[in-house]
S.K.: 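Quick one: the structure is below, questions incoming.
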Amino acid sequence: MKQLHIPGVDKPLSRLVMGTGDLRKLEEPQRQMLAAYIEAGGNVFDTAHQYRGKELVLGQWLAENNLREKIVIMTKGAHHDDGSPGARVNPEAIRKDLTESLERLGTSYVDLYALHRDDPAAPVGPVIEELNEHLAAGRIRVIGASNWSHQRIQEANDYAAARGLTGFTFNSPNLSLAKPNEPRWEGCVSADLSTCQWHTGNQLPLLSWSAQAGGFFSGHFTPDNWTDEEMVRVYYNDNNWERYSRSVQLAEARGVTPIQVALSYVLNQPFPTYAIIGPRSQEELQSSIEAMNLELTPHEVEWLDLIREEL
């Protein structure tokens, strides 16, 4: 499996990241999927304090298989909908969530730690200083943001740089070929053109959640099928249907599927990217691996994204 480095992490990260949002229990199908991911060369797992027990399940499986030191864990904290009411982007919430995440995962450290949501009214200074304390103590290897605007990330990094502290070294928003009409969930951030240009300029790694846009390119959705209210609300618009049409055209030319083209789009950006996936079968995992190995030219990426009119 293809890999890239994130400075501060002592091992390369596979470009396909195994999401744990659906990891509710450890039964044979789940064990087989996790094992297949490892066997294919995957080594990064995405979880969160807010995922209602998923950290416990992941930690149990890692312990059973003695895999902790062979893999990379990204977990997230300070989500606004996680226990205490109100905004939680503050040192106290970060400290609480990280401590509990480490206990659940059965580990003394996490490789990547991201703030799960943002509160634009919260000052960045106390947040950066709190995270740096955990970096110094070895509880975190690198820090990042999930669902922060690039302007807020830059503000936090400017604060860190001015004080000799460590700033965010990765970002984990949504990035997909289908562009959302509105956030899929409250407080979510999707990478728009200006965000991608910012990443291109500074080469900050991006780990995309919902990289395949909830299956928009699977062929299960059509402009006249409005049965899935969430998909209609988030992804149904004329530009996305044109992107879907172009993905079909390019897939036919390459002998692949539209959803593989959509995933390849995420992995062929002009800055380092990773795709968080949630395969429900080994066939879906293999499809994602094939998409990872599908090379797209910058011209093809821009054409899929409606920046160019001609392929």
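What you see below is based on every heavy atom in this structure, not just the backbone, and it leaves out hydrogens, waters and symmetry mates.
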S.K.: Going through the distances and angles, do Gln212 and Ser288 end up as a side-chain contact (heavy atoms from CB on, under 4.5 Å)?
M.R.: CA-CA 10 Å; Gln212 293 166 303; Ser288 294; 4.1 Å; yes

S.K.: Could you go step by step and tell me if Ser14 and Tyr37 meet the side chain to side chain donor-acceptor pair (under 3.5 Å) rule?
M.R.: CA-CA 10 Å; Ser14 57; Tyr37 172 71; 3.1 Å; yes

S.K.: Got Asn181 and Val234 here, is their nearest side-chain heavy-atom distance under 4.5 Å?
M.R.: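 Contact flag for Asn181/Val234 side chains = no.
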
S.K.: If you measure from CG on Leu58 to CD1 on Ile71, what distance do you get to the nearest 0.5 Å?
M.R.: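 If we round to the nearest 0.5 Å, Leu58:CG and Ile71:CD1 are 6.5 Å apart.
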
S.K.: Side chains of Leu34 and Leu23, heavy atoms from C-beta outward: is any pair under 4.5 Å?
M.R.: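 Yes, side chains in contact.
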
S.K.: Decide yes or no on salt bridge (Lys or Arg N to Asp or Glu O under 4.0 Å) for Lys179 and Asp305, but give the supporting numbers first.
M.R.: CA-CA 9 Å; Lys179 311 306 177 187; Asp305 220 2; 3.6 Å; yes

S.K.: When rounded to the nearest 0.5 angstrom, what distance separates CG in Leu285 from CD in Glu290?
M.R.: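 Leu285 CG to Glu290 CD: 10.0 Å, rounded to 0.5 Å.
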
S.K.: Determine whether Trp209 and Asp46 make a side-chain contact, defined as any pair of heavy atoms from C-beta on separated by less than 4.5 Å.
M.R.: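 The answer is no; the side chains never approach within 4.5 Å.
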
S.K.: If we ignore hydrogens and angles and just use 3.5 Å, is the side chain of Arg254 paired with the main-chain N or O of Glu295 as donor and acceptor?
M.R.: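 Such a contact is found between Arg254 side chain and Glu295 backbone.
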
S.K.: Would you say Val266 ends up clustered with Met74 if hydrophobic residues are merged whenever their side chains have heavy atoms under 4.5 Å apart, either directly or through other cluster members?
M.R.: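 Not linked; separate clusters.
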
S.K.: Quick one: does any side-chain atom of Asn43 pair with a main-chain N or O of Pro12 as donor and acceptor, under 3.5 Å?
M.R.: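 Yes; judged by distance alone, with no hydrogens or angles, the pair exists.
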
S.K.: Do Tyr235 and Trp241 have ring centres separated by under 6.0 Å?
M.R.: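 No, the ring centres sit 6.0 Å or more apart.
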
S.K.: Determine whether the aromatic ring centres of Tyr51 and His79 lie less than 6.0 Å apart.
M.R.: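 Aromatic pair excluded; centres sit 6.0 Å or further apart.
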
S.K.: Under 6.0 Å from the six-membered ring centre of Tyr109 and within 45° of its axis: does the NZ or CZ of Arg68 meet both?
M.R.: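 Yes.
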
S.K.: Testing the 3.5 Å rule here: is there a donor-acceptor pair between the side chains of Glu64 and Gln60?
M.R.: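 Looking only at side-chain atoms, Gln60 and Glu64 do form a donor-acceptor pair, the distance falling under 3.5 Å.
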
S.K.: Search all heavy atoms of Leu263 against all heavy atoms of Ala275 and return the closest pair with its distance.
M.R.: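 Here Leu263 and Ala275 meet closest at CD1-CB, 3.5 Å.
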
S.K.: Give, for atom CG of Leu165 and atom CG of Asn157, the distance between the pair rounded to the nearest 0.5 Å.
M.R.: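 The CG atom of Asn157 is 11.0 Å from CG of Leu165, to the nearest 0.5 Å.
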
S.K.: Applying side-chain contact (heavy atoms from CB on, under 4.5 Å), run through Gln50 and Arg117 and close with a yes or a no.
M.R.: CA-CA 11 Å; Gln50 191 259 351; Arg117 290 289 191 275; over 6 Å; no

S.K.: Run the numbers on His116 and His49 for side-chain contact (heavy atoms from CB on, under 4.5 Å), then give the verdict.
M.R.: CA-CA 9 Å; His116 205 166; His49 183 275; over 6 Å; no

S.K.: Report yes if some heavy atom in the side chain of Arg31 is under 4.5 Å from a heavy atom in the side chain of Leu26; otherwise report no.
M.R.: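 The answer is yes, as the side chains (C-beta and beyond) meet within the 4.5 Å cut-off.
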
S.K.: Of all residues at least two apart in sequence or in a different chain, which pass the ring pair (Phe, Tyr, Trp, His ring centres under 6.0 Å) check with Trp198?
M.R.: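 Listed in chain order: His150.
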
S.K.: Distance check, rounded to the nearest 0.5 Å: Leu4 atom CG versus Leu13 atom CG?
M.R.: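 One finds 8.5 Å between CG of Leu4 and CG of Leu13.
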
S.K.: Is it the case that over 12 heavy atoms from other parts of the model lie below 6.0 angstrom from the NZ atom of Lys2?
M.R.: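 Yes, the 6.0 Å shell around NZ holds more than 12 heavy atoms from other groups.
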
S.K.: Can you find a heavy atom in the side chain of Arg15 that is under 4.5 Å from one in the side chain of Thr273?
M.R.: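 Side chain of Arg15 against side chain of Thr273, heavy atoms only: contact under 4.5 Å found.
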
S.K.: Distance check, rounded to the nearest 0.5 Å: Ile6 atom CD1 versus Tyr274 atom OH?
M.R.: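 Here the interatomic distance stands at 4.0 Å.
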
S.K.: Decide if atom CD of Glu229 counts as having more than 12 heavy atoms of other residues, nucleotides or ligands within a radius under 6.0 Å.
M.R.: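 No, the 6.0 Å shell around CD holds no more than 12 heavy atoms from other groups.
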
S.K.: Go through the steps for Val57 and Arg24 under the test side-chain contact (heavy atoms from CB on, under 4.5 Å), then give the verdict.
M.R.: CA-CA 7 Å; Val57 178; Arg24 295 177 176 83; over 6 Å; no

S.K.: When you compare the side chain of Lys11 with that of Val72, does any pair of heavy atoms fall below 4.5 Å?
M.R.: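 Of all side-chain heavy-atom pairs linking Lys11 with Val72, at least one is under 4.5 Å.
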
S.K.: One thing to verify: whether Lys76 and Asp97 come together as a salt bridge, which I'm taking to mean a side-chain N less than 4.0 angstrom from a carboxylate O.
M.R.: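 Here Asp97 does not pair with Lys76 in a salt bridge, since their nearest N and O are not under 4.0 Å apart.
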
S.K.: Closer than 3.5 angstrom, by distance alone: can the side chain of Asn147 be matched with the main-chain N or O of Val189 as a donor-acceptor pair?
M.R.: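 Such a contact is found between Asn147 side chain and Val189 backbone.
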
S.K.: Could you tell me whether the side chain of Phe168 reaches within less than 4.5 Å of the side chain of Trp148, counting heavy atoms only?
M.R.: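 Sidechains of Phe168 and Trp148: in contact.
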
S.K.: So, are Asp228 and Arg233 salt-bridged, with charged N and O less than 4.0 Å apart?
M.R.: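 Salt bridge between Asp228 and Arg233, a charged N being under 4.0 Å from a carboxylate O: no.
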
S.K.: Are the side chain of Gln30 and the backbone N or O of Glu27 linked by a donor-acceptor pair below 3.5 Å?
M.R.: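 Yes, because the side chain of Gln30 sits within donor-acceptor range (under 3.5 Å) of the backbone of Glu27.
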
S.K.: Between the side chains of Tyr265 and Ser247, is a donor N or O closer than 3.5 angstrom to an acceptor N or O?
M.R.: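 No, because no side-chain N or O of Tyr265 sits under 3.5 Å from a partner of the opposite role on Ser247.
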
S.K.: For Gln260, does its backbone N or O pair with a side-chain atom of Ser264 as donor and acceptor, under 3.5 Å?
M.R.: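 Judged by distance alone, no pair lies under 3.5 Å.
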
S.K.: Using the side-chain contact (heavy atoms from CB on, under 4.5 Å) definition, which of the options Ile38, Leu67, Asp111 pairs with Phe45?
M.R.: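 Answer after filtering Ile38, Leu67, Asp111: Ile38.
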
S.K.: Are any side-chain N or O atoms of Asn132 and backbone N or O atoms of Ile128, one a donor and one an acceptor, separated by less than 3.5 Å?
M.R.: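 Side chain of Asn132 to backbone of Ile128, a donor-acceptor pair under 3.5 Å: yes, one is there.
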
S.K.: Within the structure provided, determine whether Arg141 and Leu112 are in side-chain contact (heavy-atom separation under 4.5 Å).
M.R.: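 Answer no - side chains too far apart.
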
S.K.: CZ of Arg139 to CG of Leu98: how many Å apart, nearest 0.5 Å?
M.R.: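 Rounded to the nearest 0.5 Å, the CZ-CG separation comes out at 7.0 Å.
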
S.K.: Less than 4.0 Å between a side-chain N and a carboxylate O, is that true for Arg246 and Glu242?
M.R.: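 So Glu242 pairs with Arg246 through a salt bridge.
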
S.K.: In terms of heavy-atom contacts, does CD of Glu182 have more than 12 from other residues, nucleotides or ligands at under 6.0 Å?
M.R.: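 Atom CD in Glu182 is packed in, count exceeds 12.
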
S.K.: For the side chain of Glu310 and the backbone of Trp303, is there at least one donor-acceptor N/O pair under 3.5 Å apart?
M.R.: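 A pair under 3.5 Å: no.
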
S.K.: Can you find a side-chain donor-acceptor pair between Glu55 and Thr47 that sits under 3.5 Å?
M.R.: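 No.
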
